[in-house]
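First the structure, in the form of structure tokens, and then the observations on it.
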Amino acid sequence: MSTDLRSVTVKFHWAMFEQIQVIAEKRGETTSDTIRYLIKRGLDERIYEENTDLLAMVIRKQVELVMDSYTVFPTFRNTDHSRKVTTKIFDARVSLCRTSKNTDKVS
């Protein structure tokens, strides 16, 4: 046992404790190890849930950066906004072409 572990007394309802013991047996570990595992898993899930918006923002930004390296016809940027076009931008078929990083030519 590691010396950096702290001892704590926790009381469980008997049914919950039996479930923990079943999990411990299936995992082939002690009840204490299983309780630590379950708490860590719950904390990891909570951290993930609390940061879902941040993760979504980061992923969205990365996808936008990748998509910016493609030329899209027609693009929203090419739309004539002075006429206040009310039709959907992408009603027609959209084609994607990756632009070369070395030149302005479309490959």
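Each residue takes its place number in the sequence, starting with 1.
- Legend: residues meeting side chain to side chain donor-acceptor pair (under 3.5 Å) with R41, ordered by chain and number and at least two apart, are Y37.
- Rounded to the nearest 0.5 Å, atoms CG (L38) and OG1 (T31) are 10.5 Å apart.
- With sequence neighbours left out, E29 forms a side chain to side chain donor-acceptor pair (under 3.5 Å) with R27, T34.
- Put simply, CD on Q21 and NZ on K26 are 13.5 Å apart, with the number rounded to the nearest 0.5 Å.
- Side-chain contacts under 4.5 Å among hydrophobic residues (ILVMFWY), followed directly or transitively, place L54 together with M57, V58.
- For T30, the side chain to side chain donor-acceptor pair (under 3.5 Å) partners two or more places apart in sequence, or in a different chain, are D33.
- Hydrophobic clustering of Ile, Leu, Val, Met, Phe, Trp and Tyr side chains at less than 4.5 Å, counting indirect connections, unites I39 with V10.
- Linking ILVMFWY side-chain heavy atoms closer than 4.5 Å, directly or via other members, places L5 and V8 in two distinct hydrophobic clusters.
- Clustering ILVMFWY residues whenever any of their side-chain heavy atoms sit less than 4.5 angstrom apart, transitively, puts I47 in a cluster other than the one holding L55.
- Atom CZ of F17 is surrounded by 12 or fewer heavy atoms from other residues, nucleotides or ligands within 6.0 Å.
- Taking CD from Q19 and NE2 from H13, the interatomic distance works out to 10.5 Å, rounded to the nearest 0.5 Å.
- Residues that satisfy the salt bridge (Lys or Arg N to Asp or Glu O under 4.0 Å) test with R60, not counting sequence neighbours, are absent from this structure.
- Atom CZ of R46 is separated from atom CG of L43 by 7.5 Å, given to the nearest 0.5 angstrom.
- Judged as a side chain to side chain donor-acceptor pair (under 3.5 Å), and not counting sequence neighbours, the contacts of D44 are K40.
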